[in-house]
Number of protein chains: 4
Amino acid sequence: MPKDPDPARRSERSRQAILEAARELVSEVGYAKVSIEAIAARAGVGKQTIYRWWRGKGAVVFDAFLALSEAGEGEAGEGGGVTLPDTGDIEADLKTVMRATVAEFADPAFEAPIRALNMEIVSDPELAAQYRERLAGPVDEAKKARLRSAQRAGQLAADVDLDLALELLYAPLYQRWLQRSGPLTPAYADALVDLFLKAMRPS
Amino acid sequence: MPKDPDPARRSERSRQAILEAARELVSEVGYAKVSIEAIAARAGVGKQTIYRWWRGKGAVVFDAFLALSEAGEGEAGEGGGVTLPDTGDIEADLKTVMRATVAEFADPAFEAPIRALNMEIVSDPELAAQYRERLAGPVDEAKKARLRSAQRAGQLAADVDLDLALELLYAPLYQRWLQRSGPLTPAYADALVDLFLKAMRPS
Amino acid sequence: MPKDPDPARRSERSRQAILEAARELVSEVGYAKVSIEAIAARAGVGKQTIYRWWRGKGAVVFDAFLALSEAGEGEAGEGGGVTLPDTGDIEADLKTVMRATVAEFADPAFEAPIRALNMEIVSDPELAAQYRERLAGPVDEAKKARLRSAQRAGQLAADVDLDLALELLYAPLYQRWLQRSGPLTPAYADALVDLFLKAMRPS
Amino acid sequence: MPKDPDPARRSERSRQAILEAARELVSEVGYAKVSIEAIAARAGVGKQTIYRWWRGKGAVVFDAFLALSEAGEGEAGEGGGVTLPDTGDIEADLKTVMRATVAEFADPAFEAPIRALNMEIVSDPELAAQYRERLAGPVDEAKKARLRSAQRAGQLAADVDLDLALELLYAPLYQRWLQRSGPLTPAYADALVDLFLKAMRPS
DNA sequence: CGATAATCGAGACGGTACGTCTCGTCTTTCC
DNA sequence: GGAAAGACGAGACGTACCGTCTCGATTATCG
């Protein structure tokens, strides 16, 4: 009987130290050069304590940034999670959101961790599922809520699959950033929204 | 003076053996578990011969698949590179192409190498640039040529940036595959083309 | 703080396996062709376990044969270490000992290890010091004890430095063996003792 | 047909450059850290040129210092080689020579090369033979000539084997230096000569 | 409250792979 | 055809981490 560890006895102190060390190290030296050994050393923790609760480097780093994002949400809404602006003007609202996203991606502090997260997602289906469930899911739900609201207002075609719509809107931006295949500017965000709205216009 | 090696003296025999070994190993054990040591051993080559000409595992694997693709092009067109079908019917042509792409992505033989390639691109800007120049570039040019042809035929708006258009058409598909965020079916390809054409319709 | 490893946690199992592997390999392929890698492999041990406790190949091989010799002593005397025969006849006793030494040097099984040991001693002062302390020291002490006994019996001059005397007696033999500059025979041993005794005769 | 190289075509320029580079490198970094590669680079010579004419590092270094010594002899005597002082007073002459030897060994510039030479001799019988023939031989002959002269003068016993005598005189000094087992002082040289003469006294 | 059990920090262990260095051979180009 | 230059196959070097495995020394319930 290998006996799973008892989560009740888990040291919250160590857990926090590990996640913080992971975050720091990814920012400092980049995901590829982070090692479990380094995380343990910086966190002042035995290696076994990491292996007891995570499957490996990927899972730790992943958790580290997930925890960060979830903490951020917690502060803001508490009950609700994420919400997108809804002024009634779908074009204005989307351009606001997309310009904000462009700006966020330009922040070098986000560069390392988000790229790291994406690499894990690409190569590990399990983490990908967890990511969709815990991070992307809620956000996507909020975005879809805004689109639904616009549909109800007759601003968007009612018969379009919202998952596909979301991809149409975000994937180009995401891909351009991930592959560094072009500049991310507010003008780009606007152009993308314009095309998107044309595609979604009620017939 | 670090003294770069002289490309004229390079052994073509070894180069081929290394690239082939890299391809085989990625297919057999997956990118993450491939090691320079294993590539050298399988290729019957000293490790130094790899380090002399490549920066590391990423670069070798990358080159291996790039060379494969470029070889493929050579056989087919010789003078031309890539061309997309042009029956005059842009909708039919795009659906053909997108369905083919979907099918290609479903092939498990492409899974490992393309994911590996993408991970390298995400984490190494230099390889990303090389990728765009040698692989994506020519293909994108062909795609843009087809779209331009449709613009000339009055089937697409003439004032749209074709780089953006290309992203709108391909990024959703690419992202869904990369993140495994949904099924890739012919129906999906059709729906994507429909939305794209609506967005690109001449006003 | 480079942090030395904790000797208390050291695995005696591994230590023994390493020393034995080192001994075997030196005997089989000769000192120059022994590698740390081969020792580790034969001992079933990680390379790091060797580097953790020794400075390099020289130190391991050295330790291996030193340990062997020390083990040998332990078996024999337990309390005392080494003792030389003392029949009261210094000439007979020395000839016995020197003939035995000559015979020992002729044994091909001693050839490789002792030459290896000597090469390390020549090139590494630190190992030389350790050698003198752990191996040569006790033996020399026994030899000097015998000479002192002869001095007390009036068979040798009382005013001669025993360190010098020891060198006079042993260095010629040792050098002839090391440099292969001549044959090592019982007659040679006798001649050497004769000359030595003449030099040491009480005036 | 492996075909030995033709010595007639050998480049004297390269030979000199190699030997000089070998000497310099041994002095600078120590024998163990010298590599054929480094010698070739410093000599401005292809590696093959070294392998064509020598068996390996040992042989080159050995030759380098041997050539040096032989060159030294050449300058001095031309016709004769080495000669030892002969004032008629064997004790004074030997003390002079031994004190000079002690002084020579104390010179740090001799340290590295002579130790290197000795290590090669210990581990390679072929080089040992060459060493005796080309270097030690002539010197020993000179020493024996001086001892013979003393024998003829009735200062030393006539029936002693001179090879053994030579060992008795030099081996203690040589061993003490090689193993660093004690200080090398003029007083030590004198004491050694005193004991030696007592051993060699005509009965 | 004192027993007892699991987590914890620490770090040695058998391994794999790294990227570098040197070996001795082979090949190319020049003289 | 020797020599410089240097790429090549081979493989050891010493280092960094891997994931597993003891070790005491704290905790933290439970008897």
Side-chain angles (χ1 to χ4, degrees), chain A residues 3-11 13-14 17 33-41 43-53 55-57, chain B residues 3-11 13-15 17 33-41 43-53 55-57, chain C residues 3 5-11 13-14 17 33-41 43-53 55-57, chain D residues 3 5-11 13-14 17 33-41 43-57:
Chain A
K3 178 112 63 104
D4 279 344
D6 176 358
R9 287 179 166 272
R10 180 167 189 179
S11 159
R13 236 184 152 288
S14 298
K33 287 187 183 161
V34 171
S35 68
I36 292 274
E37 219 132 71
I39 295 174
V45 136
K47 285 198 290 174
Q48 196 64 262
T49 303
I50 297 185
Y51 284 111
R52 209 184 335 264
W53 303 108
R55 278 197 304 111
K57 176 172 82 162
Chain B
K3 182 96 72 77
D4 280 342
D6 176 359
R9 290 176 165 271
R10 181 166 190 179
S11 158
R13 240 185 149 287
S14 298
R15 199 184 132 264
K33 287 187 184 161
V34 171
S35 67
I36 292 273
E37 216 131 71
I39 295 174
V45 137
K47 286 199 288 175
Q48 198 58 37
T49 302
I50 297 185
Y51 284 111
R52 195 164 10 243
W53 304 108
R55 279 197 302 107
K57 177 173 82 162
Chain C
K3 182 95 74 70
D6 177 358
R9 290 177 164 271
R10 181 166 190 177
S11 159
R13 242 186 148 287
S14 298
K33 286 188 183 159
V34 171
S35 68
I36 291 272
E37 215 130 70
I39 295 175
V45 137
K47 283 199 287 175
Q48 199 58 44
T49 301
I50 297 185
Y51 285 111
R52 203 175 350 256
W53 304 109
R55 280 196 304 106
K57 179 173 80 162
Chain D
K3 177 121 57 108
D6 175 358
R9 288 178 163 272
R10 181 166 190 180
S11 157
R13 236 183 152 288
S14 296
K33 287 187 184 161
V34 172
S35 67
I36 292 273
E37 218 126 71
I39 295 174
V45 135
K47 286 197 291 172
Q48 198 57 36
T49 303
I50 296 185
Y51 284 111
R52 211 184 331 267
W53 304 108
W54 286 275
R55 277 199 304 109
K57 178 173 81 163

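First the proteins, then the strands, lettered A, B, ... as listed; each starts at 1.
For Ala38(C), the side chain to side chain contact (heavy atoms under 4.5 Å, CB included) criterion is met by Leu25(C), Ser35(C), not counting sequence neighbours. Residues passing the side chain to side chain donor-acceptor pair (under 3.5 Å) test with Arg10(C), sequence neighbours excluded: none. Every residue was checked against the salt bridge (charged side-chain N to carboxylate O under 4.0 Å, His left out) condition with Arg13(B), not counting sequence neighbours, and none meets it. The salt bridge (charged side-chain N to carboxylate O under 4.0 Å, His left out) search around Lys57(C) returns none, not counting sequence neighbours. Shown here are the side chain to side chain contact (heavy atoms under 4.5 Å, CB included) partners of Thr49(B), two or more places apart in sequence or in another chain: Ser14(B), Ile18(B), Val45(B), Arg52(B), Trp53(B).
Ala43(B) and Ala17(B) get closest at one heavy-atom pair: CB-O, 3.5 Å.
The phosphate of dA4(F) has OP1 or OP2 within less than 4.0 Å of a side-chain N or O from Ser14(D). A close approach under 4.0 Å does occur between a side-chain nitrogen or oxygen of Trp53(D) and OP1 or OP2 of dA3(F). Proximity of Thr49(A) to the phosphate of dG9(E): a side-chain N or O atom is located under 4.0 Å from OP1 or OP2.
In this structure, Arg52(A) atom CZ and dA10(E) atom P are separated by 14 Å, rounded to whole Å. At whole-Å resolution of the value, CZ in Arg13(D) and C1' in dA3(F) are 12 Å apart. Between the CD1 atom of Ile50(C) and the P atom of dA12(F) there is a distance of 13 Å, rounded to whole Å. Rounded to whole Å, atom P of dG9(F) lies 14 Å from atom CD1 of Ile39(B).
Residue-to-nucleotide proximity on DNA chain F shows that, of Ser11(B) and Gly46(D), the 5′-proximal contact is made by Gly46(D). When each of Ala40(C) and Ala41(A) is assigned the nucleotide of DNA chain E bearing its nearest heavy atom, the one mapping closer to the 5' terminus is Ala41(A).
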Please encode protein proximity along nucleotides 18-31 of chain F as a string of B, S and -, counting only heavy-atom distances under 4.0 Å. BBBBBB--------

